[in-house]
Amino acid sequence: MRKLLDWFERETGLISAWGWFWTQPLPAGVGWWHIFGALTLLVLVVLFVTGGALMFYYSPTPDQAYASVQYIEHYLPAGQFIRALHYWAARLIVPLIVIHIVRVFLWGAYKRPRQMIWVTGVLLLLTVIGYGLTGYALPWDQKAYWGTVVRLKIAEGIPLIGEAVATFLRGGDTVGAVTLMRFFVLHVFVLSVITFLLVAWHVLQVRRMGVTPPGVPVSHEEGIEKPQRLYPEHTARIAVGAVILSALMIWLSLRFPAPLEPRANPMDTAYKPHPDFYVLWLHELVDFFPPHLEFFGSFVLPTLLVFLLLLVPFIERNPERQARKRLTALTTGTLILLVLVALNVKGMRALPEPERLSPIEKQGQRLFVELKCYSCHGINGGGGPVGPDLGLGGKRDPEQVRQLLRNPSAHNVHSIMPAYHLSPEKENALVAYIVSIGPNSKMPPIPPTEPEKPASHFEENWFANHKFEVRKDPASCADCHKTFFCQACHQNRRPSSHDAQWLKFHFGNAAERPEMCAACHSPDYCESCHKVMRHDTQWLQQHGSKLAQFGEKMKWAGQTMHQMCYQCHTPQSCQGCHTGALPSSHKVSDFLRDPQVGHGKVARKQGTASCNSCHQPQFCQTCHGLPMPHPQGWESDHPQVGHKNPALCQRCHNFQEETCQTCHQAPPSSHTEDFRKEHPRRITDSGASCQVCHGRNACMNCHKVPMPHPKGWGEAHAKLGQRRGWKGYAGVKKLQQTQCATCHDIKYCNQCHQP
Amino acid sequence: MEQSVTRREWLGTLVKALATLLAFVYGIPALIMLIVPAFRRQKTPWVKVGNVHQFPAGEPKAVTLSYQRRDGWVIRTVRSTVYVVTKPDGSLRVLSNICTHASCAVRWERGRKAFFCPCHAGYFDAEGKVLGGPPPRPLAEFPHKVEGGLLYVRLESV
């Protein structure tokens, strides 16, 4: 062993270098105040160790980052502790550095020849801030995402370079996969390399130049007595400090695990990121300036501060180290620090008060989680994208909330929210909590669901697109969700496929992919309709007799059997078979016209319901030209139809024989006493309606000449006279007696003829 | 001087002790986090195959199963096919459809009354026993259970 070490020493000289490092002699005044640099280094090592362990399990892609952090939190032994340790170490390193810097400043330890130690220290502070900014984005929860969006937005506000820097960091237009990977690589690689180099420089310089003897002016350092060594005297102090600090860190980590907000949701604009407490002064600085000069607060002043800090050893060249001999520097430094602290305090005051819930509201909050209200509603971000965010929309009326819980669709008919009928006690609690929710309320912590939601459920627009996933493989939904899960929403809003025509066409889907139906419906769902008539193999042969058998007797939902078929089948579907194979009733020799077994008789006897199972109601009209059988009120309506188109009636009715007389033994109402005189003017349809009762020759029978007189009657009636041999006045007289006198007076002739 | 050396020795021991303590306090949880999960065995879940009545005695019936499998923080949906064979006495067997020769998928051929592997013409009977061709072993059988009329199978990695 010793030989091996000797060989190692010979080859590298590292062992004597190790000894040289720890035996550094220290001046007398070095004490407890000098341990903070080492403690910072210890926290940095803790961050490296825990960060390295976390890196084994972290996946820097937007679709997996959050899941991997959740995995660390919930599935790994000690995972939560390690992450909490990383979180708290990152929080504690900032105040430790501040104490260290203040100590070095007060002691004047940055003066010649140690300026570069100070400069590297300030650079290390910047890298730590860089760690903070990049590490912030990695969990990819709401805070990480929106915090990063806001910060890059602020960076964009810097004139000239801002846009380019922000775009470079984002790796594109939007915060996304490329951004996350960039932040990850910066966090674990780039900054780590820089930190390693700077720490080496910083620490080795301290070793080379020695720790500043307190209170000794710059030129008097030579020959100062150094009674103690780094090891073991000062390391003992450091070790005690380290144990105390570690106890604090471990207690914090066990008591307050690192927060993890809901998964980043770029669509969730309701989310309000709140800055961490140690950067509040920066936000106050930004707010101090009007918007167009914002970059003064966000960039110019902080940059000036950083440069000021970097240049401290070159500004204060006063060689004295005792406090009373460098009052100007100390006052200036204290003032600047005080201003920053004051700004931070102001910022903390401006933070919204954390919500305080009464016991009943707390009970309501537990119900909010238990009833999974969060899966649809957010509270100022978080929660599902389905319902409105409860953090929005002002103060609520308790009674209105109560009504809404009991019957959401009364509030809005399109609402898919399920109704909640809770015991009065629970309802009161939930209502009280919902009423208490304001713009500063926060989502209560949601216990992780088991089994965990798959990544698809976090995709953008998952809620709108879930139907496509269901269609692909409904069985995969059923792995986690019970059937009634769908119905929580879908009892109020049916899937888009279930439109008005759905009932008619669902059979095809149900036959081809029964698992699709099973995704939402229980197996006995079909039965609720189909049990009335089971369409088994015998159905086809039996349906006619069954329909006839049950026909009118069997009513379902107040409908006839045929209408029940139409729930699924179109009326034409009968014709699919029955065009070739007519029902037996149609097979009599003259079904069309036979008065005893023909269709008219059947229709009158059985009603048209049985016709309608194959034929559409309009079917009769194609031949009859009228709704058949004659609708109600036909008796009073038929003269109208008959007058317009008597031929329609004649398709069935033979008016000459019996039909009219059966009713019209008394003349129709139009035939008033003076109808004989008036009828020429009343008849508007060239006598067609007269023919209905009086026959085709109705006019001729009385008038013996065509009526009304056709065109060219003037000459024609003379010829008529000539043909009959009526000549001269006597002839006229004769003529008058026979025909024309029915209508015309002798004076009428005299209008033309000279007597 | 003698005393000073003792004090320094004592301080050195203290420093070493505290340093070791801190190394353990920070190192052990980190190591636990790295080591323990690697040796955890994932329990294969019981996957629902379907109602027992769906598998009448006679022809083996292919069922495609879909279940979720955790791979670290990634949860994937895995699909695999099994054949459910019911004997006339009502006892069930659930067979893998993976040929034991070159891991091709076998299918039931009604005409031959045998599972047939299209890759190298291997044949298995309804019990999964090799009838002919290159397969070295019978088809793998998965453990199953029937609870409340439902058939479950545990798909062990083949």
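Chain naming here is simple, since letters A, B, ... match the order of the sequence lines and numbering starts at 1 in each.
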Is A:Phe21 atom CZ crowded by more than 12 heavy atoms from other residues, nucleotides or ligands, each under 6.0 Å away?
yes
Counting only non-hydrogen atoms closer than 4.5 Å, does A:Ile238 touch chain B with its backbone (N, CA, C, O), its side chain (CB onward), both, or neither?
neither
Around atom CH2 of A:Trp20, are there more than 12 heavy atoms from other residues, nucleotides or ligands closer than 6.0 Å?
yes
Separation between CD (A:Gln228) and CG (B:Leu11), nearest 0.5 Å, reads 10.5 Å
Ignoring hydrogens, what is the shortest heavy-atom contact between B:Tyr26 and A:Met249? Give both atom names and the distance.
OH-CE, 3.1 Å
Which of these, A:Phe56, A:Phe81, A:Tyr57, sits in a side chain to side chain contact (heavy atoms under 4.5 Å, CB included) with B:Met33?
A:Tyr57
Of the non-hydrogen atoms in B:Pro37 and A:Leu76, which two are nearest, and what is the gap between them?
CG-CD2, 3.3 Å
Identify which part of B:Ala19 has an atom lying under 4.5 Å from any heavy atom of chain A, answering side chain, backbone, both or neither.
neither
Counting only heavy atoms not in A:Lys226 (residues, nucleotides, ligands), do more than 12 fall under 6.0 Å from its NZ?
yes
I need the A:Leu42 CG to B:Leu22 CG distance, nearest 0.5 Å.
6.5 Å
For the residue pair A:Ala239 and B:Leu18, what are the closest heavy atoms and their distance?
CB-CD1, 3.6 Å
Using a 4.5 Å cut-off on heavy atoms from C-beta on, say whether the side chain of B:Pro29 contacts that of A:Gln80.
no
Check each atom of A:Thr50 against the heavy atoms of chain B and say whether the ones under 4.5 Å are side chain, backbone, both or neither.
neither
Determine whether more than 12 heavy atoms belonging to other residues, nucleotides or ligands lie under 6.0 Å from atom NZ of B:Lys129.
no
Chain B interface, residue from A:Pro77, A:Ala236, A:Ala78 that has the most non-hydrogen pairs under 4.5 Å
A:Pro77
Pair count under 4.5 Å, heavy atoms only, with chain A: among B:Leu34, B:Leu21, B:Leu14, B:Ile28, highest is B:Leu34
Can you find a heavy atom in the side chain of B:Lys16 that is under 4.5 Å from one in the side chain of A:Tyr231?
yes
Any chance CZ of B:Arg110 has more than 12 other-residue heavy atoms, nucleotides or ligands included, within less than 6.0 Å?
no
Just do the side chain to side chain donor-acceptor pair (under 3.5 Å) check on A:Gln64 and B:Trp73 with the steps written out, would you?
CA-CA 7 Å; A:Gln64 293 187 0; B:Trp73 48 88; 3.2 Å; yes
